[in-house]
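Predicted model only: the values in this text are computed from it and were never measured. Only heavy atoms go into these numbers, but all of them, side chains included; no hydrogens, no water, no symmetry mates.
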Amino acid sequence: YNDWRIKLKTLGKKVVELTGDFTPDVRAINSSDVVVTVPEKWDGISRNWHNRSYVKAVGLVIIDEIHLLGEDRGPILEV
């Protein structure tokens, strides 16, 4: 998260972390340009996307724990 926050700040982008360890309030999510999240957290909030305006407004999501992709266990990402 911090790497992305620092790199994208130079481009004028606000990055927010959305994980099991940290969940910002809706205002912080709405004012962000980039969401850095883990698969489980994104799955949980995006399942109810029609009731969450901040999910509908997402233009970029960075999924942390990418090392889990392609393995037999772990989350499955669907787009």
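Residue W49 comes nearest to V55 through the heavy atom pair CB-CG1, 3.5 Å, listed as atom of the first residue, atom of the second, then distance. The two residues S53 and N30 make their nearest non-hydrogen contact at OG-OD1, 4.2 Å. Of all non-hydrogen atoms in T19 and V36, the two that sit nearest each other are CG2-O, 4.5 Å.
With sequence neighbours excluded, the residues that form a salt bridge (Lys or Arg N to Asp or Glu O under 4.0 Å) with D25 are R27.
Counted within 6.0 Å of NZ on K14, heavy atoms from surrounding residues, nucleotides or ligands total more than 12; the atom is thus considered enclosed.
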Just list the side-chain donor-acceptor pairs under 3.5 Å for residues 3-10, sequence neighbours left out, or say none.
{"unit_1": "R5", "atom_1": "NE", "unit_2": "N2", "atom_2": "OD1", "d": "3.4"}
{"unit_1": "R5", "atom_1": "NH2", "unit_2": "N2", "atom_2": "OD1", "d": "3.4"}
{"unit_1": "T10", "atom_1": "OG1", "unit_2": "K7", "atom_2": "O", "d": "2.6"}

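Between the NZ atom of K56 and the CG atom of N51 there is a distance of 7.5 Å, given to the nearest 0.5 Å. To the nearest 0.5 Å, the span separating CG on L11 from CG on D33 amounts to 10.0 Å.
Between Y54 and V35, the closest side-chain pair of non-hydrogen atoms is not below 4.5 Å.
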